[in-house]
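FYI, side chains are in, hydrogens and waters are out, and symmetry mates aren't considered; it's all heavy atoms of this structure.
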Amino acid sequence: MAKPVSIQVWNPSGKYRVVSTKSMPGTRWIRLLTDNDCRLEICTEHKTILSVDDILALIGDRCDGVIGQLTEDWGDVLFSALKRAGGTVFSNMAVGYNNVDVEAANRNGIAIGNTPGVLTETTAELAASLSLAAARRIVEADQFMRAGLYDGWLPHLFVGNLLKGQTVGVIGAGRIGSAYARMMIEGFKMNLIYYDLYQATRLENFVTAYGQFLKANGEEPVTWKRAATMEDVLREADVISLHPVLDKTTYHLINPERLAIMKKEAVLVNASRGPVIDEAALVEHLKANPMFRVGLDVFEDEPYMKPGLADMKNAVVVPHIASASKWTREGMATLSALNVLGKIKGYPVWGNPNQVEPFLQENLTPPPACPSIVNAKQIVCCRPAIGKALGANTDRLVSTC
């Protein structure tokens, strides 16, 4: 028998039992569930990461849906337990779901929710912050000051890299990669080189238009180039930011060979997924190239760092906080709750998970829909939605379960 875990209960008499494996920011997500006849149980265990046994205890004998976290291992054991308990939905409080065995969820008829459309700008801002912090050696300088070592201005003290007029490289020019590129181009007048399997037409048009604006005002125009290979980006860029999905093709995308072709004073930023970089190789590269700098929000064996990384002064490291703005984290909690609520209520799936603003209006009732179900086409219970009965946004409501 699984050991009981401590919980906080909201609306004890609610008809539907929903479990959240962690407390989440804000209170709107709680109100949305309890106002719709859900008994909400929030785990209060003092653990950063819950074990499978902990989550089994939370699911118990009856559970309609679970809100979980990307640090948890959701596979067949948990999905089969949720199915036995009468559950039909699990929502990850994250846009990524590489912690979820989607095939196992499909076998058990469990819908998988995630939270896209609310992290783009926040994550891009953090990547831009890491770029600037690494290029200008801000963390090193901060530690120097706090240690009481500053005794006067010196010509060579913490000399870093100028960003203006340099080249920013983006690997993966999707929503977040493109938002990051725009920030660096417009903020620092950097030129762009990017690599993506698909052409980023909107990003290219933005850079072209901004370049024309600068030229019309007597400044040097910015330029863009779509690289034929990722290696072209690594060779040419002064700052490289990684924004690929994590799969078998992108595991250790940055390896010793690719590190070797980058500029000796380049800045490498990763706010995507840790295993995209061979972290042990990165440590060796940082040791051998003291002017090469890196900004990391994610790590290969998170929450741990590879030996030696913490000692590298040319590394800026933060604990996976790319989405950690108040608005974004509260929005993620809201979307997670609405995925669960929508599945329980039999609502349709929203047609565009990257346009979720209607769900985030604090004082308005959200649309009767699941914001984002990643396996909606795979679970066999889906059927077409009835359009006109659902109001003005029926073009975005595509299926229901």
Looking at side-chain heavy atoms only, is the closest gap between Glu121 and Met183 below 4.5 Å?
-> yes
Anything under 30° is parallel, anything over 60° is perpendicular, the rest tilted; go ahead and classify Phe144 against Phe158.
-> perpendicular
Short side-chain to backbone donor-acceptor contact, Asp238 and Ala266, under 3.5 Å = no
Asp64 side chain vs Arg17 backbone, donor-acceptor pair below 3.5 Å = yes
Does Gln166 use its side chain to pair, donor to acceptor, with the backbone of Leu163 at less than 3.5 Å?
-> no
In Å and rounded to the nearest 0.5 Å, what is the CE to NZ distance from Met291 to Lys263?
-> 14.0 Å
With a 3.5 Å cut-off and no angle check, do the side chains of Tyr180 and Glu125 form a donor-acceptor pair?
-> no
Quick check: are there more than 12 heavy atoms from other residues, nucleotides or ligands sitting under 6.0 Å from NZ of Lys225?
-> no
Other residues, nucleotides, ligands: >12 heavy atoms within 6.0 Å of Tyr97 OH | no
What distance separates Leu149 CG from Gln143 CD, expressed to the nearest 0.5 Å?
-> 10.5 Å
Donor-acceptor pair, side chain of Thr44 and main chain of Ser6, under 3.5 angstrom = yes
Leu82 versus Val66: any side-chain heavy-atom pair under 4.5 Å?
-> yes
Do Glu330 and Arg28 pass the salt bridge (Lys or Arg N to Asp or Glu O under 4.0 Å) test, and can you show the C-alpha distance, the side-chain angles, and the key distance before you say yes or no?
-> CA-CA 8 Å; Glu330 290 184 2; Arg28 183 171 182 248; over 6 Å; no
Should Met93 and Lys22 be marked as a side chain to side chain contact (heavy atoms under 4.5 Å, CB included) after you check the CA-CA gap, both sets of side-chain angles, and the distance that decides it?
-> CA-CA 10 Å; Met93 188 196 165; Lys22 291 291 180 186; over 6 Å; no
Where do Ile193 and Thr167 come nearest, in terms of heavy atoms and distance?
-> CG2-CG2, 3.6 Å
OG of Ser336 to CH2 of Trp29: how many Å apart, nearest 0.5 Å?
-> 9.0 Å
Step-by-step salt bridge (Lys or Arg N to Asp or Glu O under 4.0 Å) determination, Arg31 to Glu362 | CA-CA 11 Å; Arg31 294 196 308 272; Glu362 183 73 25; 3.1 Å; yes
Counting N and O atoms only, with roles assigned by atom type, does the side chain of Asn108 sit under 3.5 Å from a partner on the main chain of Lys83, one being a donor and the other an acceptor?
-> no
Where Ala85 and Ile59 come nearest, the two heavy atoms and their spacing = CB-CG2, 3.8 Å
Note: Val267 and Ala134 closest approach over all heavy atoms is CG1-CB, 3.8 Å
Heavy-atom side-chain contact between Ile67 and Val19 under 4.5 Å | no
Ser372 and its side-chain contact (heavy atoms from CB on, under 4.5 Å) partner, picked from Asn114, Thr115, Leu338, Leu335 = Asn114
Residue pair Trp10 / Leu33, side-chain heavy-atom distance below 4.5 Å = no
How far does CD1 of Ile30 sit from SG of Cys38, to the nearest 0.5 angstrom?
-> 12.5 Å
Shortest non-hydrogen pair, Asp37 vs Ser13, comes out as OD1-O, 4.4 Å
Asn255-Asp278 side chain donor-acceptor pair, cut-off 3.5 Å = no
Can you tell me how far the CZ atom of Phe206 sits from the OG atom of Ser178, to the nearest 0.5 Å?
-> 10.5 Å
Kindly say whether His285 contributes a backbone atom to a donor-acceptor pair with the side chain of Asn289 at under 3.5 angstrom?
-> yes
Close side-chain approach of Glu45 and Leu50, heavy atoms under 4.5 Å | yes
Is a side-chain donor or acceptor of Asn191 paired with a backbone partner of Trp224 at a separation under 3.5 angstrom?
-> no
Begin from the C-alpha positions of Leu203 and Thr201 and carry the test side chain to side chain contact (heavy atoms under 4.5 Å, CB included) through to its verdict.
-> CA-CA 5 Å; Leu203 177 59; Thr201 304; over 6 Å; no
Residues Asn11 and Thr34: side-chain donor-acceptor under 3.5 angstrom = no
Taking the inter-plane angle between the rings of Phe90 and Phe79 on a 0 to 90° scale, is it parallel (under 30°), tilted (30 to 60°) or perpendicular (over 60°)?
-> perpendicular
Flag side-chain contact, heavy atom, 4.5 Å: Tyr195 against Leu234 = no
Can you tell me if Asn314 uses its side chain to pair, donor with acceptor, with the backbone of Leu286 under 3.5 Å?
-> yes
With no hydrogens and no angle check, do the side chains of Ser51 and Asp54 hold a donor and an acceptor under 3.5 Å apart?
-> yes
For Arg273 and Val245, what are the C-alpha separation, side-chain angles and deciding distance, and is it a side chain to side chain contact (heavy atoms under 4.5 Å, CB included)?
-> CA-CA 8 Å; Arg273 287 290 183 263; Val245 297; over 6 Å; no
Would Asn270 and Asp297 count as having a side-chain donor-acceptor pair, cut-off 3.5 Å?
-> no
Any side-chain donor paired with an acceptor under 3.5 Å for Glu41 and Ser20?
-> no
How far apart are the C-alpha atoms of Lys345 and Tyr16, what are their side-chain angles, what is the distance that settles it, and do they pass the side chain to side chain contact (heavy atoms under 4.5 Å, CB included) test?
-> CA-CA 10 Å; Lys345 294 285 191 178; Tyr16 308 103; 3.9 Å; yes
Any side-chain heavy-atom pair of Val269 and Val294 under 4.5 Å | no
Begin with the C-alpha distance, continue with both residues' side-chain angles, and end with the deciding distance and a verdict on salt bridge (Lys or Arg N to Asp or Glu O under 4.0 Å) for Glu204 and Arg202.
-> CA-CA 5 Å; Glu204 293 174 358; Arg202 292 181 63 185; over 6 Å; no
Kindly indicate whether the side chain of Ile277, heavy atoms from C-beta on, has any atom under 4.5 Å from the side chain of Leu242.
-> yes
Backbone N/O of Lys189 and side chain of Tyr210: donor-acceptor pair under 3.5 Å = no
When rounded to the nearest 0.5 angstrom, what distance separates CE in Met190 from CD1 in Ile185?
-> 9.0 Å
Nearest atoms (heavy-atom pairs only) where Ala104 meets Gly75 | CB-C, 4.0 Å
Side-chain donor-acceptor contact under 3.5 Å, Asn161 with Arg136 = no
Asp301, CG: over 12 other non-hydrogen atoms inside 6.0 angstrom = yes
Over 12 foreign heavy atoms within 6.0 Å of CZ, Arg62 = yes
Least distance between heavy atoms, Cys43 atom then Leu58 atom | CB-CD1, 3.9 Å
Cut-off 3.5 Å, side chains only: do Asp247 and Thr249 have a donor facing an acceptor?
-> yes
Is there a donor-acceptor contact under 3.5 Å from the side chain of Ser323 to the main chain of Leu119?
-> no
